[in-house]
Structure formats: C-alpha cells, structure tokens
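Just so you know, these numbers use all the heavy atoms, side chains as well, and skip hydrogens, waters and symmetry mates.
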Amino acid sequence: MTTSRQDVSLGMPQLPATPYPAEVRARLDADAKEVLARYPGSRSALLPLLHLVQSEEGYVSRTGIAFCAETLDLTTAEVTAVSTFYSMYRRRPSGDYQVGVCTNTLCAVMGGDAIFDTLKEHLGVGNNETTEDGKVTLEHIECNAACDFAPVVMVNWEFFDNQTPESATQLVDDLIAGRTVEPTRGAPLCSYKETARILAGFPDERPGAVEATGGAGPASLIGLKLAKGEALPKARVVSPRAGQPQGGQGHDAQVHDPSPAERLSSHDAPQQTSASDPEHPAGPAAEEGE
C-alpha cells in the first residue's frame, strides 16, 4: 500500500531513484564542483547542493537526494535527514511561486490569519498545497523578522509588506495571470527554481537585481542605533554615586542620560554591585516616572 501524495511506501521497498538524464547530470556535476570548491570539507556543501537540485526540479526529489549523497560520499539517509529538517527544501513538486503567509504572533494578530484563510478559500488549496495550474503553492510560515511591516506575505522569499486579505488576493491573481509583481523590498521577483539557484550560491545576473535592496523598519533599527550610540532613550532616574550631588526623590531627583554601560540586559557581563563594590554602595533608586 502506498500514499502517492507523500511518496511514502508502506509495503515493498521503493526502487532506486531514477537518475538524471546525461545532459542534466553533466550540468549538475559542473555546478556541484564549483560549490564544493568553496568549502574545506565536502560535507559542508550539502545545504547549497540541496538548493542546487531543487533549482532543477522545483523540489528535492529522490533523484536529487541520491545525487547529493553520491557527490558528497554520504548515505541517502543522511541527506534525507537534512533535507527534511529545513523548511526551505520542498518535499514534493510545488508551484512556480511559493506564497508564504506569516502566521506567527504579531502578523497573526495584525491580520495574517485572516489573509491565510482568505487565500485558502480563494485558491481552493490547503496549507502546503499547490493550485491545479501549478502556479502557486500556499503555506503558512514562521516569523521572517519583518514585524515592523506586519502582516507580511512572502513570495519566493521576497517581502510583500503590510498586506490585507484584499491585497493578498490581488497578489496571487497577478501571479497566476503572469502579470509583473514588484516586492515591497528587495530584488525583483523570479521563479522558485531561479530563487533556489541563487540560494545555492550562484550569482543573480538579472540587471539591477543585486543593487536592489530593502532594510528593516524603524522599530527594528532603534536597537542598532542604541548599540552604536546614535540614539538615546528617554532620560531616567538613577541612583547617584557617592560624592556626586544628590537631589531629592520625585521631581527633584537627579536625572541623566544613561551611559552604554548602564543600559544592561540579562545577557550582559556581570557588573559591580553594592556587595562587590564597597566604594560605591547602591542607594535607593526611584522608579522611572516617579
């Protein structure tokens, strides 16, 4: 008994994977040689090689797994373990455009769940399923570090920010119709196979693609600015050190902008306290806003 949808055999062992045609194998061998040259140990090349075979068929097939195993002197079980661990590797044939709707916490509450439900109904597919015309594969995805622009939809890993059910519906309709679609940020859109080849480490030779870029939003960048000393938080009340002028509590308390050393988190190195620094005992500190 077999389940064709998942390509999993529950009875007789599967036959060996069908090899690539000679011309395809020769091309992949040349590309793999280029990939292997980047790494001191061949096994380190497994991830880009999986992207390479994915660029050939649109997913990591049994043939692709066998190719990676033979090229890197690994077992097919070792290659399969890696290819099934990472969500960027497709396990069965998929569409030209992978449409991922972020349904992680912030995107979800901002409308991601509504977008995902709308697209499922509009396209007539479920999660990780492909439209009958082979154009669009729909899936919900985890956080893509674009919370400033929630809710976010990604097409072949390019950002489409601040989406609504209506705009996302228009987006997939444009993809299916073959109309030009421009991401909110980043490089121009290309097919899933082309994206996989770029992820394998081969140059994107489309005019202007490399120069195209897009950064994070202001809420994400404020932490970087703080680390660089380019922006300071609102002044807060701190306990004065011994020998410094002291004001009263409340509105008369001493106020100053904290130095980088005073902006601590649980991940910072241990700092001196009143117990470890007798020359500078800590006094009572007013809460911010008192």
Side-chain angles (χ1 to χ4, degrees), residues 51 85-91 94-131 135-177 179-192 194-196 198-199 204 208-228 230-234 263 265-267 288:
H51 282 300
F85 181 82
Y86 294 102
S87 61
M88 291 183 75
Y89 300 119
R90 309 298 299 177
R91 296 169 176 78
S94 59
D96 296 331
Y97 300 101
Q98 178 178 297
V99 176
V101 182
C102 181
T103 55
N104 215 314
T105 307
L106 184 57
C107 278
V109 300
M110 294 292 287
D113 284 342
I115 291 173
F116 189 56
D117 290 340
T118 297
L119 291 184
K120 285 193 295 184
E121 181 177 356
H122 182 71
L123 296 173
V125 298
N127 180 47
N128 210 24
E129 293 182 354
T130 303
T131 55
K135 292 287 187 179
V136 171
T137 297
L138 178 68
E139 68 172 351
H140 73 80
I141 53 179
E142 294 301 321
C143 181
N144 283 281
C147 299
D148 290 14
F149 306 103
V152 174
V153 173
M154 299 194 82
V155 180
N156 295 348
W157 308 113
E158 299 293 348
F159 288 104
F160 290 81
D161 304 321
N162 301 310
Q163 294 294 294
T164 65
E166 294 73 23
S167 67
T169 300
Q170 183 63 55
L171 170 61
V172 296
D173 284 347
D174 288 342
L175 292 172
I176 292 172
R179 291 187 283 267
T180 300
V181 173
E182 295 292 338
T184 310
R185 296 171 286 139
L189 199 62
C190 59
S191 73
Y192 188 69
E194 292 170 323
T195 301
I198 295 169
L199 291 173
D204 188 344
V210 176
E211 292 76 15
T213 185
S220 295
L221 292 176
I222 188 63
L224 178 62
K225 291 181 178 179
L226 285 171
K228 292 181 177 179
E230 296 175 1
L232 294 174
K234 182 179 179 181
R263 293 192 289 268
S265 77
S266 60
H267 300 286
E288 182 174 345

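Glu139 pairs by the salt bridge (charged side-chain N to carboxylate O under 4.0 Å, His left out) definition with Arg90, not counting sequence neighbours.
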Handout entry: Criterion side-chain hydrogen bond (donor to acceptor under 3.5 Å, both in side chains) on Ser191 and Glu194, from CA distance to verdict
Key = CA-CA 5 Å; Ser191 73; Glu194 292 170 323; 3.2 Å; yes
Practice task
Would you sort out whether Phe149 and Thr184 count as a side-chain contact (heavy atoms from CB on, under 4.5 Å), showing the intermediate values?
Solution key: CA-CA 10 Å; Phe149 306 103; Thr184 310; over 6 Å; no
Exercise for the section: Kindly determine whether Val101 and Ile141 satisfy side-chain contact (heavy atoms from CB on, under 4.5 Å), including the steps that lead there. Expected result: CA-CA 6 Å; Val101 182; Ile141 53 179; 5.8 Å; no
Problem - Trace of the side-chain contact (heavy atoms from CB on, under 4.5 Å) decision for Val155 with Phe160 - result: CA-CA 7 Å; Val155 180; Phe160 290 81; 3.6 Å; yes
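Classification of the Tyr89-His51 ring pair by plane angle, with boundaries at 30° and 60°, yields tilted.
The distance from atom CD of Glu166 to atom CD1 of Ile115, rounded to the nearest 0.5 Å, is 9.0 Å. To the nearest 0.5 Å, the span separating NZ on Lys135 from OG on Ser94 amounts to 13.5 Å. Distance CD/Glu158 to OG1/Thr195: 6.5 Å, rounded to 0.5 Å. The line from CG of Asp161 to CZ of Arg185 is 4.0 Å long, rounded to the nearest 0.5 Å. The CD atom of Gln170 sits 11.0 Å away from atom CD of Gln163, with the distance rounded to the nearest 0.5 Å. Rounded to the nearest 0.5 angstrom, Asp204 CG and Ile198 CD1 are separated by 3.5 Å.
For the residue pair Asn156 and Gln98, no side-chain donor N or O sits within less than 3.5 Å of a side-chain acceptor on the partner. Looking at Asp173 and His122, their side chains do bring a donor and an acceptor atom within 3.5 Å of each other. Thr137 and Thr130 form a side-chain donor-acceptor contact under 3.5 Å, judged by distance and modelled atom types alone.
Across all non-hydrogen atoms, the minimal contact from Val181 to Leu189 is O-CB, 3.9 Å. In plain terms, the two heavy atoms of Asn162 and Ala150 that are nearest each other are OD1-O, 3.7 Å. The heavy-atom pair separating Cys143 from Cys147 by the smallest distance is SG-SG, 4.0 Å. What you find for Val172 and Thr169 is that their closest heavy atoms are CG2-O, 3.2 Å.
A 4.5 Å side-chain heavy-atom check between Tyr192 and Trp157 finds at least one atom pair inside the cut-off. Under the 4.5 Å side-chain criterion, counting only non-hydrogen atoms from C-beta, Asn127 is not in contact with Leu138. Side chains of Asn144 and Phe159 form a contact here, defined as non-hydrogen atoms less than 4.5 Å apart.
Between the side chain of Thr103 and the main chain of Gly112, no donor-acceptor pair closer than 3.5 Å is present.
For CE of Met110, the number of neighbouring non-hydrogen atoms (other residues, nucleotides, ligands) closer than 6.0 Å is 12 at most.
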